Every structure is written in C-alpha cells, then in structure tokens.
Amino acid sequence: MPATDTLARSVTYALHARRSVRAFTGRAVDPALLKEVFAAAQRAPSGGNLQPWQAVVLTGAPWQAVKDAVAARIAMGRAGYQPEYDIYPKALTDPWEARRFGVGEALYASLGIAREDKRGRLAQFMHNYTGFGAPVMLFLHCSRIMGPPQWADMGMWLQSVMLLLVEKGLASCPQECWAMYGETVRAALAIGDDQILFTGLAIGYADEEAAVNRWPVPRAGVDEAIDWRGFGE
Ligand SMILES: Cc1cc2nc3c(=O)[nH]c(=O)nc-3n(C[C@H](O)[C@H](O)[C@H](O)COP(=O)(O)O)c2cc1C
C-alpha cells in the first residue's frame with residue numbers, strides 16, 4: 001500500500017487534475033517514480049485476469065531512435081502510412097463527430113490557430129511525433145489475438161497509469177497517432193509482428209504556462225451518458 005500522505009490525493013482529485021498535456025518542460029523523470037506507478041497499475045482489472053497490456057518505456061537515445069525512424073517514414077508522405085487499426089469509425093456520426101470536431105476547435109483556438117490555417121493545424125498535429133517534448137515515452141501494445149474486451153482492459157490500465165502519474169506530480173498525453181506508423185514503431189522497438197501497437201503515452205512534467213495546457217476541455221453532461229432506471233420509485 002502507498003504511504004498515507006499520497007492517499008490524501010483522492011481519485012476524484014486525480015480525475016479532475018488529469019488532462020492531455022501537449023507541452024512538457026525538459027525536466028527529467030526519476031525512474032523510481034515510474035517504477036512505483038507501473039507496479040501499482042498492475043492492480044488494474046481485466047476480464048479473466050488476462051492482464052493483456054504490454055508496454056515499452058523509453059527515454060534518451062532509444063526514444064530518439066523511434067522519433068527518427070518515424071520522421072523518416074513521415075517524409076514519405078501518404079505512402080508512409082501504416083495504420084495498425086482504424087483510429088475512428090470510417091463513418092463517424094453525431095454526437096461523436098461533433099465532440100471530436102469540438103475538441104479540435106478548442107485546442108487550436110487555445111493556440112490562436114485559425115480554422116483556415118491548414119498549415120498551422122498540421123504543424124501543431126505534427127508535434128505529436130515529438131511526443132510534445134516529453135522526456136519519456138511509453139508504447140502500449142498487446143498480442144494480435146486479443147479482441148475488444150482485452151482492448152478495454154488496456155484502456156483501464158492506461159487510465160490507471162495516467163491517474164497514478166498525477167499523484168506523482170507528472171503529466172501525460174495518450175497518443176494513438178503513433179499507430180499510424182505502427183510497423184515503423186514496432187520495428188524500432190524490436191516488437192514482433194504478433195503484437196499490435198495501441199497507443200503511445202507521452203510522460204513528463206507539464207509546462208503549466210503553455211496555453212495549449214490551459215484551455216477547458218469540454219465533456220458531455222452526465223445525463224448524456226447515464227440512463228437511470230428504477231431509482232427514486
Ligand atoms: C487512447 C487515446 C489516444 C489519444 N491519442 C491522441 C493523439 O494521438 N494526439 C493527441 O493530441 N491527443 C490524443 N488523445 C487525447 C484526447 O484527445 C483527449 O483525451 C480528449 O480530447 C479529452 O481531453 P483530456 O484528455 O485533456 O481530458 C488520445 C486519448 C486517448 C484516450
């Protein structure tokens with residue numbers, strides 16, 4: 001069990017404090033903190049206790065090598081795409097399409113990038129492939145034999161990691177954009193073809209001053225998600 005002082009920070013606190021951070025300071029991360037986070041995240045639940053998550057955590061030269069490999073692939077243009085899976089459904093309808101559009105607009109607005117500024121938007125998107133300057137990158141993958149229930153398990157592990165990072169004063173940004181160059185990432189990490197890359201997770205200390213980290217991220221009202229039945233009868 002963690003020490004009592006860390007327990008003072010509640011799950012509710014961590015849920016509200018976590019956000020996808022897209023600008024990091026250069027401050028290095030103590031691997032001892034990460035070890036505590038990953039040890040605790042092993043408590044994440046999974047159907048049948050399969051614990052299907054696997055991750056590679058990188059800093060320094062190995063992290064740079066992935067960035068370099070993906071940059072070379074990006075330079076090939078559209079011919080370089082190697083999507084591991086469809087990141088979104090091909091025909092995304094409302095309300096989901098409206099939410100995706102809305103969060104993109106809010107993100108670009110925070111940076112003063114206008115809707116018609118296609119180059120500015122692309123440049124901001126391409127920052128993804130630097131991990132937004134994060135000193136640590138995690139790549140989350142699992143066996144290709146796994147299906148939707150095990151992918152949900154990976155999500156529970158990922159959220160556990162992100163909340164535990166908050167407890168340690170660290171920030172993160174999940175980044176499925178790396179799956180657009182999955183083969184290159186897996187080759188750079190020497191991960192076998194029997195594995196599928198789900199997402200990256202940029203980890204570091206948030207640049208608290210950066211506008212990109214300071215805008216309110218919208219959420220649908222709880223009534224859009226929860227349908228109460230049989231209460232208050
Ligand atoms: C699995 C997953 C992958 C994501 N991939 C990206 C990504 O590639 N680039 C990015 O900027 N944000 C990415 N995000 C962040 C989402 O845009 C973000 O979680 C959502 O807009 C809600 O904002 P918040 O995390 O700040 O609360 C991803 C989030 C998740 C959960």
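Note that the coordinates shown come from a computational prediction; the quantities given were computed from them, not determined experimentally. Order of listing sets the numbers, starting from 1, for every ligand and every atom in it.
- Looking from atom 22 (C) of ligand 1 to the surrounding protein, the closest heavy atom is R219 NH1, 3.5 Å.
- Within the 4.0 Å cut-off (strictly below), a protein heavy atom is located near atom 7 (C) of ligand 1.
- The residues R18 and E167 are annotated as not salt-bridged, no charged nitrogen and carboxylate oxygen being separated by less than 4.0 angstrom.
- Atoms of ligand 1 found under 4.0 Å from any heavy atom of C177 (numbered from 1 in listed order, with element): 8 (O).
- Proximity of F132 to ligand 1 is established by a heavy-atom distance of less than 4.0 Å.
- In this structure, F198 has a heavy atom closer than 4.0 Å to ligand 1.
- For ligand 1, the atoms closer than 4.0 angstrom to any heavy atom of R19 are 26 (O).
- The pair E84-R144 meets the salt-bridge criterion, since a charged nitrogen lies less than 4.0 angstrom from a carboxylate oxygen.
- Checked for salt-bridge contact, R186 and E183 miss the test: no charged N lies under 4.0 Å from a carboxylate O.
- T59 pairs in a side-chain contact (heavy atoms from CB on, under 4.5 Å) with only one of the listed residues (I203, V136, V29), which is V136.
- Considering only non-hydrogen atoms, atom 9 (N) of ligand 1 lies nearest to N128 out of N128, L201, N213, T199.
- Of the candidates R22, R100, E176, the one placing a heavy atom closest to atom 16 (C) of ligand 1 is R22.
- By the 4.0 Å heavy-atom criterion, R18 is counted among the residues contacting ligand 1.
- For atom 23 (O) of ligand 1, the closest non-hydrogen atom on the protein side is V217 CG1, 3.2 Å.
- The shortest contact between atom 13 (C) of ligand 1 and any protein heavy atom is with P174 O, 3.0 Å.
- For the pair R73 and Y181, the cation does not sit on the ring face, since its NZ or CZ is not both under 6.0 Å from the ring centre and inside 45° of the axis.
- Atom OH of Y88 sits about 5.0 Å away from atom CD of E176, to the nearest 0.5 Å.
- Considering V70, N128, T199 in turn, V70 is the only one that fulfils the side-chain contact (heavy atoms from CB on, under 4.5 Å) rule with W178.
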*Take F198 and W157, measure what ring pair (Phe, Tyr, Trp, His ring centres under 6.0 Å) needs, and give me the verdict at the end.*
CA-CA 12 Å; F198 169 26; W157 179 84; 10.0 Å; no
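- Residue V103 has no N or O atom closer than 3.5 Å to an N or O atom of ligand 1.
- You'll find the side chain of S160 stays beyond 4.5 Å of the side chain of R43, heavy atoms only.
- Closest heavy-atom approach to atom 26 (O) of ligand 1 among the candidates C173, S20, G200: S20.
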